Amino acid sequence: MNDLLVMKFGGTSMGSADRIRAAARISADARKTRPVVVVVSAMSGVTDLLIDTLKRAEVGDREGMEAKLRALETKHVDTCCALLPPGAQQAALDAMQAAIGRFQRIAFGMLMLGERPPRSVDEGIAVGEHLSSVLMAAYLESEGVPAEAVNCEEVIVTDAVFGSASPVMDPTREKARGRLLPAVEAGRIPIATGFNGATVDGHPTTLGRGGSDFTASILAFALDASELWIWTDVDGIMTADPRLVPDAAVLDEVTYREAAELAYNGAKVLHPRTLAPLIDKQIPVWSKNSFAPEKPGTRIAALTVAAPGARAVTSMNKVALVSVDPASAAVSGARVMARALEALAGTNTEVLAFSSSSYQQSFCFLVRKEELETAVEALEAGLSLELIHGYLKPIEVDENVGLLAVVGEGMQGTPGIAGGVFNAISKQSVNIIAIAQGSSELTIAIVVRRDGLEKAVQAVHAECRMAEKVNVRPA
Ligand code: ADP
Ligand code: ASP
Ligand code: MG
């Protein structure tokens with residue numbers, strides 16, 4: 001199919017009847033000129049609400065659980081009534097009640113068992129996306145635009161890593177083409193659920209928090225789309241998180257590698273796994289603002305000319321630094337590192353930054369807080385002999401840290417950038433704890449004290465004058 005456009009609307013872009021109307025208008029306008037597949041997130045706050053409901057159930061808080069179930073129902077029923085003309089409401093309400101009923105059964109099951117098994121959590125929390133796809137499809141239909149809600153449980157085939165599943169591309173491609181292309185060819189807009197899939201044997205899974213971006217890129221890959229547009233609540237990918245740096249500016253273009261580094265190092269505007277499926281086929285991505293659709297947004301592509309210098313700075317605060325320190329220089333540092341990394345790989349822990357130094361070959365690495373416990377357990381098991389015999393000092397964990405990452409293809413071979421960055425951070429009296437830079441010079445990762453993180457981000461943004469160098473495209 002020629003010129004297929006996949007568009008994804010995030011939680012705030014689906015956050016109210018008015019926002020759903022705006023998203024539907026954008027979709028219907030695009031459909032006038034080209035085939036379109038839409039992916040939607042749950043309404044903002046809904047995934048958190050679903051997770052909280054199940055947490056209440058697990059601890060036996062029936063009242064709390066029921067209050068959350070009522071809030072879920074009220075939010076969607078109210079939105080439905082504000083969105084749809086009276087004649088179109090009943091069918092949508094019935095479809096939504098069926099989805100809410102499914103979630104209620106899961107919540108009551110957890111209440112009875114006093115447990116929250118990951119596979120049931122995944123089945124439950126995907127309901128948020130299902131509800132918003134029903135709303136959007138019903139609204140488009142009521143406006144005379146043929147549309148159809150599609151649950152990606154039937155489309156995206158994943159492994160069984162509940163809570164952070166990965167797609168299995170061949171069967172996904174087959175299913176996506178079989179389920180979505182006929183609808184598009186028949187002139188309908190499929191409104192697919194973001195965030196979810198199912199294992200080969202049909203058990204529901206989710207792709208991880210923020211995973212609707214990833215759904216959209218999986219579908220763009222599977223359907224050989226010519227573009228992916230990700231609609232969110234800011235004007236595009238910015239030189240820094242605008243909540244931390246008020247004068248952050250929108251970048252007009254970034255390379256796949258720059259965008260992937262930013263996402264991986266905490267820029268929430270894009271889920272870290274989004275770009276991987278698109279790079280081989282070179283499917284360009286646009287990050288755009290559904291609140292201001294006339295603005296151009298940011299184009300992410302395989303660009304030939306890299307913009308000079310550091311382009312953007314990003315940060316993460318829910319991280320911890322783990323340090324491993326040999327007790328004497330007699331211990332083979334390389335062997336300890338190899339065993340440590342093997343232990344981490346065995347638990348799928350993501351090492352965000354790694355740094356080693358000194359004669360005694362100590363090393364440290366950064367992990368997400370939510371992965372800390374598993375990581376340390378795996379490390380202690382993997383290095384148990386060295387720890388018991390005192391060849392290694394006890395493993396140290398510092399949770400009072402944050403990660404700052406400076407990103408730009410154009411930093412390669414440009415002297416003075418690292419110096420300027422470190423200088424700017426120290427002028428704020430923020431202590432630098434660890435530094436990592438790959439040989440590609442695409443990213444400088446810096447670990448600092450948590451309470452200095454925000455100041456450091458602002459200082460680096462100003463020092464590198466990022467907001468002044470956002471345009472690569474000729475005007
Ligand atoms: P959605 O619900 O549309 O998926 P998210 O909340 O996941 O939206 O991501 C958008 C948010 O990402 C923005 O509101 C912004 O605060 C934050 N953000 C963090 N870093 C950046 C950045 N470098 N550029 C743009 N937005 C960023
Ligand atoms: N609704 C899911 C979440 O909040 C997925 C997404 O919004 O991308 O994590
Ligand atoms: Mg998001």
Side-chain angles (χ1 to χ4, degrees), residues 7-16 19 22-23 26 39-52 72 121-122 124-133 152 163-165 192-197 205-218 229-252 254 258-274 285-292 295 297-298 300 310-317 403-408 454 457 460-461 466-467 470:
M7 297 209 279
K8 175 256 172 181
F9 293 93
T12 31
S13 303
M14 295 294 292
S16 66
R19 296 312 314 153
I26 291 171
V39 174
V40 291
S41 287
M43 296 177 75
S44 54
V46 165
T47 309
D48 286 339
L49 178 64
L50 294 165
I51 292 173
D52 282 350
L72 176 73
V121 171
D122 271 12
I125 63 178
V127 164
E129 271 63 17
H130 187 176
L131 292 168
S132 54
S133 71
C152 277
S164 180
T193 56
F195 188 44
N196 69 332
T205 52
T206 63
L207 305 172
R209 294 305 306 268
S212 298
D213 297 339
F214 192 25
T215 304
S217 75
I218 294 166
W229 294 7
I230 295 186
W231 293 95
T232 183
D233 59 357
V234 286
D235 289 345
I237 298 187
M238 304 178 75
T239 49
D241 184 342
R243 289 169 301 189
L244 293 186
V245 182
D247 65 338
V250 181
L251 293 154
D252 68 348
V254 293
E258 286 171 333
E261 285 290 328
L262 286 171
Y264 182 76
N265 289 294
K268 198 186 163 208
V269 66
L270 210 59
H271 186 274
R273 294 161 87 189
T274 311
V285 184
W286 287 84
S287 166
K288 288 171 77 76
N289 190 348
S290 75
F291 292 71
K295 295 197 175 157
T298 303
I300 308 167
R311 305 214 69 206
V313 54
T314 185
S315 63
M316 267 168 122
N317 54 19
L403 171 73
L404 174 154
V406 186
V407 175
E454 208 164 304
V457 168
V460 169
H461 189 263
M466 288 169 173
V470 289

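From a predicted model like this one, the values you see are computed outputs, not experimental measurements. Position 1 is the first residue of the sequence; numbering continues from there. Whatever order the structure lists them in is the order used to number ligands and atoms, beginning at 1.
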N/O donor-acceptor pair under 3.5 Å between [X] side chain and [Y] backbone:
X: T298; Y: S287; answer: no
X: T314; Y: A405; answer: no
X: S16; Y: R19; answer: yes
X: T215; Y: G194; answer: no
X: E129; Y: A42; answer: yes

For [X] and ligand 1, answer yes if some heavy atom of the residue is under 4.0 Å from a ligand atom, otherwise no.
X: G210; answer: no
X: D233; answer: yes
X: T314; answer: no
X: G236; answer: yes
X: H271; answer: no

Within this structure, what is the [atom1]-[atom2] distance for the pair [X] and [Y], rounded to the nearest 0.5 Å?
X: T239; Y: R311; atom1: OG1; atom2: CZ; value: 9.5 Å
X: M43; Y: L72; atom1: CE; atom2: CG; value: 10.5 Å
X: D52; Y: T47; atom1: CG; atom2: OG1; value: 11.0 Å

Of the listed options R311, R209, K268, closest to atom 9 (O) of ligand 1 (non-hydrogen atoms): K268
Option of least heavy-atom distance to atom 4 (O) of ligand 1 (set: M14, K8, M238): K8
Per-atom contacts of ligand 1 with A240, taking only distances under 4.0 Å to non-hydrogen atoms: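 Under 4.0 Å from A240, ligand 1 has these atoms: 22 (C), 23 (N).
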Distance-only side-chain donor-acceptor flag, T205 / D122, under 3.5 Å: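 Result is no, nothing qualifies.
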Would you tabulate the polar-atom pairs, meaning N/O of ligand 2 against N/O of the protein, with distances under 3.5 Å, reported to 0.1 Å?
from: ligand 2; atom 1: 1 (N); to: T47; atom 2: OG1; distance (Å): 2.7
from: ligand 2; atom 1: 1 (N); to: E129; atom 2: OE2; distance (Å): 2.6
from: ligand 2; atom 1: 4 (O); to: T47; atom 2: OG1; distance (Å): 3.3
from: ligand 2; atom 1: 4 (O); to: R209; atom 2: NH2; distance (Å): 2.9
from: ligand 2; atom 1: 7 (O); to: S41; atom 2: OG; distance (Å): 3.3
from: ligand 2; atom 1: 8 (O); to: G210; atom 2: O; distance (Å): 3.3
from: ligand 2; atom 1: 8 (O); to: G211; atom 2: N; distance (Å): 3.4
from: ligand 2; atom 1: 8 (O); to: S212; atom 2: N; distance (Å): 3.0
from: ligand 2; atom 1: 8 (O); to: S212; atom 2: OG; distance (Å): 3.1
from: ligand 2; atom 1: 9 (O); to: R209; atom 2: NE; distance (Å): 2.6
from: ligand 2; atom 1: 9 (O); to: R209; atom 2: NH2; distance (Å): 3.4
from: ligand 2; atom 1: 9 (O); to: G210; atom 2: N; distance (Å): 2.8

Among protein heavy atoms, which lies nearest [atom], and at what distance?
atom: atom 16 (O) of ligand 1; value: R243 NE, 3.0 Å
atom: atom 2 (O) of ligand 1; value: G11 N, 3.1 Å
atom: atom 8 (O) of ligand 1; value: T232 OG1, 3.1 Å
atom: atom 12 (O) of ligand 1; value: V269 N, 3.4 Å
atom: atom 15 (C) of ligand 1; value: D241 OD1, 3.8 Å

Residue pair D233 / F291: nearest heavy atoms and the distance that separates them: CB-CE1, 3.8 Å
Residues D48 and R209 bridged, charged N to O under 4.0 Å: yes
Among L244, D241, V245, the one residue meeting side chain to side chain contact (heavy atoms under 4.5 Å, CB included) with S315: L244
